[in-house]
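Below, read A as the first sequence line, B as the second, and so on, with proteins coming before strands; counting in each chain starts at 1. Everything numeric here is computed off the predicted structure, so don't read it as measured data.
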Amino acid sequence: MENEIIHILLAEKTNSDTSWLEDALAQIDTMPCAVQRVNTLDAARTCMEENTVDVLLVDSFMLDDHGLIQLATIHEDQTGLPIILLAETIAEERAIRAMQSGVNDYLIKEKINPDILNRALLYAFKQNQIKARMIHYSHELQNSERRFLNLITQNADGVIVIDPQGVIQFCNPAAEQLLARNANALIGQIFGYPVVGGETAEMDIVRPDGEEVVSEMRIVDIEWENEPSLLISFRDITQHKRTEEALRTAEATSRSILNSINAHIALLAEDGTIEAVNDSWNRFARENGDPDLKYTGVGVNYFDICNQAAGFSADEAPDALHGIRNVLHGTADLFEMEYPCHAPTEERWFMMRVKSLVGSSKRQVVISHTDITERRHAARVQAAAEANAQRLVQLEQELQSLVQLSHPAPIPVSRGMFGAEPLRKSAPEQFSHLITWYDELIEAALEQRAMKVDHHISDKLRVMASQLGFLLAGPRDVIEIHSTVLQHKTSGDNPLKEQAYLEEGRLMVLELMGYLVSYYRSYALGRRQYHTSEKDSS
Amino acid sequence: MNKFVLKLYITGDTPRTERAIANLRRVCDHELRGQYELVIIDVLENPQMAEDERIMVTPTLIREMPPPRRRIIGDLTDTAKVLLGLNFDPHVDHLDARND
């Protein structure tokens, strides 16, 4: 207020001499003052409505009961206006009542001097500034509390306030809804004192209607109605938990599906790191020299595995690496490669297949290794069977040529030369005997191969061929004997033994057929010689 | 002997339930030295008991005996707070247990 004119309103009943006051005010250097006078408090109110008034000086003679009421009204209307009472003398009771009506200070007229007046004015100003500030802060506080309460009330999360005994002091509408109980049923009830490890905890809401609701509980220390309390908020996460559960189930199902597949499957990151594998992958790794999955498990770099490959599949490793990179970089959709991966005791073949992971935002590929050993064996057996069939056709053709050579006149092919009917029909007993014989021979051949003993298989096959020739058996009879025995032999569940039967049988049938050809060749030559000698003698 | 009788209200067989039971058993075995009786009540199987007890959330743990009766809620992870919440005085209660 320094250097500004202080507008003083003096309310006095009479036109008494106030020059003492004006003199005193004039001597206050720090505050230039302008004094205006009124005779009644009503006139003071009117004056304050029309003019600027910084301080109201009131003569104590005006403060009868009615005057005190009027003063209180002025105080209420003019918030922050300093009011100073001027008195000749004043009774304590009246002074107290005056203070209650808004008077900041009072001065005894005869003791007033510039210093006292100056101090009284400054004190009144300060006091009112503090009062105004307090009123402002009080309003702010009330507003803040109102906003806080409003915030809690409008909050979508359920909020309750409990005292240190765990008794509910407050709940918002969302809490009523979440707990399925109204405020009357909640407030005053023991809720329980929260004990959680972190900032939040998942809790199950127990609702009277039995509906299962999961919520996330958060606890904050607050002061509520001047008491240390806890504000507990609940957020309904039921849907979130259900989604989580569904995701977990879906993940478990996907994993089960992956683990049900025999192929060894791994998911690779762009840098080649193995991010996930199925059980078959781990099982194969454990059974093949990596029991702790240190070299082929999750976290290992698959590019390094390819670079460090040794053994049977070492030659194919660079191609595999190249193929994986092509798929990772999008230059190929798919990479497939067959490669050997032989174990010390068995021959094994695998098919490697690399495909981009569908629906992934990152560059990832799925690698699968499928055991194709059986398929390879089957293909090999098929090729051998086809070669056998071709060889048999050749033998049959050779037989026919021999027959033609042995006859001066052409003889009808095959059936004319051999029996009219298959041996199985024309001589079933002998056919059965031959089956048993061939069965024994194939067993003996297998033993000979495995045990390194000599069962003279070739000799026995030659004898058998003579027997077949004697019975006029043809190549198809040989094949029928062979296939009947092998069919019986390969109906078990030992693929390795079956493979051995197939391989030995293939050799045996070729040898037997060879001997039968020899037999018929000798037979044809014999007949030719016989015909020649008959012609000579005639 | 002041044997503790504790009632733990849970909802079904969930990870939250398992966690609370495991935490409570750890606290009981370690701090109450086996001198306790724990009753686990599933509110899905005994809704009336939960209603009678005015259980609003689970897990809720109630100290039935010895008095004073106390009720705490939460995952019971923090051992110190569990003991505080149960109004367990290690000096008094342990001495009682040892003297028995």
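- For chain B, the nearby part of A:E212 is the side chain; its heavy atoms alone come within less than 4.5 Å.
- With chain A as partner, the option from B:T17, B:I55, B:N23 having the largest number of non-hydrogen pairs under 4.5 angstrom is B:I55.
- Remark: of the listed residues A:R147, A:H139, A:R146, A:E145, A:R146 is the sole one forming a side-chain hydrogen bond (donor to acceptor under 3.5 Å, both in side chains) with A:N143.
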- [ ] Begin with the C-alpha distance, continue with both residues' side-chain angles, and end with the deciding distance and a verdict on side-chain contact (heavy atoms from CB on, under 4.5 Å) for A:L186 and B:M56.
- [x] CA-CA 9 Å; A:L186 289 172; B:M56 295 183 210; 3.6 Å; yes
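- The ring of A:F234 has its center closer than 6.0 angstrom to the ring center of A:F191.
- With a 4.5 Å cut-off on non-hydrogen atoms, A:V213 does not touch chain B at all.
- Of the atoms belonging to B:T60, not a single heavy atom falls under 4.5 Å from chain A.
- For chain B, no part of A:I160 is nearby; none of its heavy atoms comes within less than 4.5 Å.
- Contact annotation for A:M217: only side-chain heavy atoms (C-beta onward) come within less than 4.5 Å of a heavy atom of chain B.
- Of all the heavy atoms in A:R207 and A:A180, the pair that sits closest is NE-CB, 3.7 Å.
- At a 4.5 Å heavy-atom cutoff, the contact between B:P59 and chain A is made by backbone and side-chain atoms alike.
- When each of B:T11, B:I62, B:T77 is scored by its heavy-atom pairs under 4.5 Å with chain A, the top score falls to B:T11.
- A donor-acceptor pair shorter than 3.5 Å can be found between the side chains of A:T296 and A:D290.
- Heavy-atom contacts from other residues, nucleotides or ligands closer than 6.0 Å to CG of A:D333 number 12 or fewer.
- Only the side chain of B:L44 has a heavy atom closer than 4.5 Å to any heavy atom of chain A.
- Taking the six-membered ring for Trp and thresholds of 30 and 60 degrees, A:H369 and A:W281 have ring planes inclined between 30 and 60 degrees apart.
- Interface summary for chain A: among B:R19, B:R70, B:R54, the most heavy-atom pairs under 4.5 angstrom belong to B:R54.
- Here the shortest heavy-atom pairing between A:E275 and A:V298 reads O-CG1, 3.6 Å.
- Heavy atoms of A:L179 lying under 4.5 Å from chain B belong exclusively to its side chain.
- What you find for A:I162 and A:P194 is that their closest heavy atoms are CD1-CD, 3.7 Å.
- Of the atoms belonging to B:V43, it is side-chain heavy atoms, and not backbone ones, that fall under 4.5 Å from chain A.
- The candidate from B:D78, B:I10, B:T58 with the greatest count of non-hydrogen atom pairs under 4.5 Å with chain A is B:T58.
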